[in-house]
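Written below as structure tokens is the structure these notes are about.
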Amino acid sequence: RKRYSIAVDFDGVIHRYGKGWHDGTVYDEPMPGAREALARIHQRYRVVILSTRVNPALHGGEDQLASVEAWLERHGFVKGEHYDEVTHEKVPALVYIDDRALHFDTWDQALDELGRRYRLPKASGA
């Protein structure tokens, strides 16, 4: 029985996503090692693939869900072996694996990290 979920972002983590959103299609190859990594994680945890592209309220989410699932199957990702679900909803998870994530320990640390990655205005009164 798998008690905990690991949430894994689709674009940029499983799907290479080399051109970004581009034309909205799922056009690229898998990230190297993605299939093997998900199979390994799936041995112990429930794997939930997250993507805003499958949100039914945005950019034709139902069609995007079908495209993502077809892409996964075409590239050898098997439901029940590599993953359990594809969703746009933030699910309760032990950890999130995401190419755009910023780790949080404290707000000072998070703001420092954000400032290193992107431009951030100076603190007011500083």
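FYI, the numbering just counts along the sequence from 1.
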Mind checking what makes side chain to side chain contact (heavy atoms under 4.5 Å, CB included) contact with [X], not counting sequence neighbours?
X: Leu65; answer: Val54, Glu69, Val86
X: Asp105; answer: His103, Gln109
X: Arg117; answer: Leu102, Glu113
X: His75; answer: Glu29, Pro30, Arg35, Trp71, Phe77

What's the shortest heavy-atom distance between [X] and [Y], and which atoms?
X: Glu62; Y: Pro56; value: OE2-CB, 3.5 Å
X: Tyr17; Y: Gly12; value: CB-N, 3.5 Å
X: Pro92; Y: Ser5; value: O-CB, 3.7 Å

How long is the gap from [atom1] on [X] to [atom2] on [Y], to the nearest 0.5 Å?
X: Leu38; Y: Glu81; atom1: CG; atom2: CD; value: 12.0 Å
X: Thr52; Y: Lys90; atom1: OG1; atom2: NZ; value: 13.5 Å
X: Ser51; Y: Leu58; atom1: OG; atom2: CG; value: 10.5 Å
X: Ile6; Y: His42; atom1: CD1; atom2: NE2; value: 11.5 Å

Checklist outcome for this item: Residues at least two apart in sequence or cross-chain that pass side-chain hydrogen bond (donor to acceptor under 3.5 Å, both in side chains) with Asp23, listed by chain then number, are Thr25
Checklist entry - For Thr87, which residues count as a side-chain hydrogen bond (donor to acceptor under 3.5 Å, both in side chains) partner, sequence neighbours excluded? => result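 side-chain hydrogen bond (donor to acceptor under 3.5 Å, both in side chains) check on Thr87 returns nothing, list empty.
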Next on the checklist: Other members of the hydrophobic cluster containing Tyr96, with the 4.5 Å side-chain heavy-atom rule, please.
Outcome noted: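 Cluster partners of Tyr96: Val48, Leu50, Val91.
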Checklist entry - Who else is in the cluster with Val78 when I, L, V, M, F, W and Y are joined by side-chain contacts under 4.5 Å? => result none
Checklist entry - If only atom types and distance count, is the side chain of Tyr27 paired as donor or acceptor with the main-chain N or O of Lys19 below 3.5 Å? => result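 Indeed, once roles are kept as given, a pair shorter than 3.5 Å links the two residues.
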Item to check | His15 side-chain N/O to Asp28 backbone N/O, donor-acceptor pair under 3.5 Å | outcome: yes
Checklist entry - Is there side-chain contact between Leu72 and Ile49, with heavy atoms separated by less than 4.5 Å? => result yes
Item to check | Any side-chain heavy-atom pair of Tyr83 and Ile14 under 4.5 Å | outcome: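 Counting from C-beta outward, Tyr83 and Ile14 never come under 4.5 Å.
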Item to check | Check against side chain to side chain contact (heavy atoms under 4.5 Å, CB included), Ile41 and Ile97 | outcome: CA-CA 12 Å; Ile41 294 167; Ile97 301 173; 4.2 Å; yes
Checklist entry - Which pairs count as salt bridge (charged side-chain N to carboxylate O under 4.0 Å, His left out) when at least one residue sits in residues 7-18, sequence neighbours excluded? => result Asp11-Arg53
Next on the checklist: Looking at Lys79 and Glu73, is any side-chain nitrogen of the basic one under 4.0 Å from a carboxylate oxygen of the acidic one?
Outcome noted: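 Salt bridge absent between Glu73 and Lys79.
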Checklist entry - Take atom CZ in Arg100; do more than 12 heavy atoms of anything else shown fall under 6.0 Å from it? => result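 Incorrect, the count does not exceed 12.
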Checklist entry - What pairs with Phe104 under ring pair (Phe, Tyr, Trp, His ring centres under 6.0 Å), at least two apart in sequence or on another chain? => result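 With sequence neighbours excluded, Phe104 shows a ring pair (Phe, Tyr, Trp, His ring centres under 6.0 Å) to Trp107, given in chain and number order.
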